Amino acid sequence: MGDYEIFKQKVFQLTGIDLSSYKERQMKRRIDSLITKSKISSYDEYVQVLRKDKDKLEEFVAYLTINVSEFYRNPEQWKMLESEMLPYLFERFGQNLRIWSAACSTGDEPYTLVMMLAKFIPMEKIHVVATDIDKQVLEKARIGIYDEKSLKGLPKEFITKYFTKIGTRSYQISDTVKRRVEFKQHNLLKDPYPRNCDLIVCRNVVIYFTEEAKKEIDKKFHDSLKNDGLLFVGSTEQIIAPGDIGFTGFKSFFYKKI
């Protein structure tokens, strides 16, 4: 295949994605598999293809960014957000919450946030910023069509109220919900972070990064939050020694900026 270190540098120049921040063995295996499938024999040759072919470049970025997504993943955590965290945030910051869904993939997470917030406040007061590095998944998110498997954990009240069935196995989310989410492309490893957030949701993403990159991201999340704001993480992403970067464990999988 050739020199992986040089390949990483060229990928960074092309895409802004720093492969050194990802767990190497796992990522290299994924990339080698993609290159072999493309019937290309070396990293250098693959870089030439990426430079010339925009579609191949987008396919590569989509392949790198691991998009496993479903509505209401780990339901007990979403229930805690609804029953305890949102009431806390409304009491502390009022109804106009500034919410960021980071690495939002195909939009399941920010749309869930909108549907849940609408149980507490008028729909027109809701605004969620949702970001991801992958243009293709952001496009899917904006369209808002999902396979029924993606919805299997979602409360029935949300499906009935906010989804229309299309054909036998697909559902489209309503424009009412879509209008409340602003999708943007964003690279967690290099782009500036939103400021003054009340709630940041970033789940099942940083597990793919090295410990150093993960710590840097957690620090940047801390800087993005208002004092007493919350970070909601995935079930395998507990922050080790949160106090060292200015967080305190609030509830399982929720950290408060102190």
Side-chain angles (χ1 to χ4, degrees), residues 11-13 15-23 61-62 64-67 69 77 81 85-86 88-89 92-94 96-114 117 126-139 141-142 180-234 236-250 253-258:
V11 166
F12 183 70
Q13 289 160 8
T15 67
I17 297 172
D18 183 3
L19 292 176
S20 298
S21 295
Y22 291 80
K23 292 174 180 171
V61 172
L64 285 189
T65 52
I66 299 135
N67 293 302
S69 194
Q77 294 167 26
L81 175 68
M85 303 299 113
L86 289 181
Y88 158 79
L89 289 168
R92 180 71 183 78
F93 300 114
N96 295 313
L97 294 178
R98 187 164 166 75
I99 297 173
W100 176 24
S101 172
C104 68
S105 189
T106 50
D108 319 34
E109 193 173 87
Y111 288 145
T112 300
L113 287 165
V114 171
L117 285 159
I126 299 168
H127 179 237
V128 176
V129 173
T131 64
D132 201 278
I133 196 172
D134 184 343
K135 278 185 191 168
Q136 290 182 356
V137 299
L138 288 173
E139 199 46 50
R142 289 186 185 103
R180 308 328 302 168
V181 182
E182 180 185 1
F183 289 103
K184 297 177 178 179
Q185 191 177 24
H186 181 270
N187 183 337
L188 282 171
L189 294 169
K190 75 176 187 74
D191 291 335
Y193 282 30
R195 313 298 297 173
N196 297 313
C197 297
D198 301 305
L199 171 67
I200 296 172
V201 181
C202 185
R203 307 176 71 242
N204 310 301
V205 176
V206 298
I207 46 169
Y208 299 108
F209 294 124
T210 61
E211 284 306 311
E212 294 76 15
K214 182 176 178 296
K215 193 164 187 182
E216 193 57 37
I217 288 168
D218 287 338
K219 279 183 190 166
K220 287 180 180 176
F221 282 150
H222 175 272
D223 293 343
S224 286
L225 285 164
K226 291 178 189 167
N227 287 339
D228 296 334
L230 299 181
L231 172 64
F232 179 19
V233 301
T236 57
E237 296 174 327
Q238 286 92 329
I239 300 174
I240 308 301
D244 292 352
I245 52 172
F247 279 117
T248 183
F250 195 54
F253 317 110
F254 291 90
Y255 294 89
K256 181 166 79 167
K257 177 174 175 172
I258 51 176

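Here the structure is a predicted model, which is why all the values come from computation and not from measurement. Values below: all heavy atoms of this structure, side chains included; hydrogens, waters and symmetry mates excluded.
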Is the His186-Trp100 ring centre distance short of 6.0 angstrom? yes

With Gln136, which residues qualify under side chain to side chain donor-acceptor pair (under 3.5 Å), at least two apart? none

For Glu237, all residues meeting side-chain contact (heavy atoms from CB on, under 4.5 Å), sequence neighbours excluded: Val206, Ile207, Val233

Side chain to side chain donor-acceptor pair (under 3.5 Å) partners for Lys226, two or more places apart: Asp198

Side chain to side chain donor-acceptor pair (under 3.5 Å) filter on Arg92, not counting sequence neighbours, yields Asp228

Hits for salt bridge (Lys or Arg N to Asp or Glu O under 4.0 Å) against Lys219, two or more places apart or cross-chain, chain-then-number order -> none

With sequence neighbours excluded, tell me which residues meet side-chain contact (heavy atoms from CB on, under 4.5 Å) with Gln13. Lys10, Arg51

Provide the full list of side-chain hydrogen bond (donor to acceptor under 3.5 Å, both in side chains) pairs with a residue in residues 187-197, sequence neighbours left out, each pair given once. none

Report the residues that fulfil side-chain contact (heavy atoms from CB on, under 4.5 Å) with Ala141, sequence neighbours left out, ordered by chain and then residue number. Phe183

Stepwise, does the salt bridge (Lys or Arg N to Asp or Glu O under 4.0 Å) test hold for Glu182 with Lys184? CA-CA 7 Å; Glu182 180 185 1; Lys184 297 177 178 179; 3.7 Å; yes

Sequence-distant partners of Lys257, side-chain contact (heavy atoms from CB on, under 4.5 Å), two or more places apart: His222, Leu225, Asn227, Phe247

List in chain and number order the residues that pass side chain to side chain donor-acceptor pair (under 3.5 Å) with Glu216, two or more places apart in sequence or in another chain; answer none if no residue qualifies. none

Are the side chain of Arg180 and the backbone N or O of Val114 linked by a donor-acceptor pair below 3.5 Å? no

Measure the shortest side-chain to side-chain distance between Phe250 and Tyr88 over non-hydrogen atoms and say whether it is less than 4.5 angstrom. yes

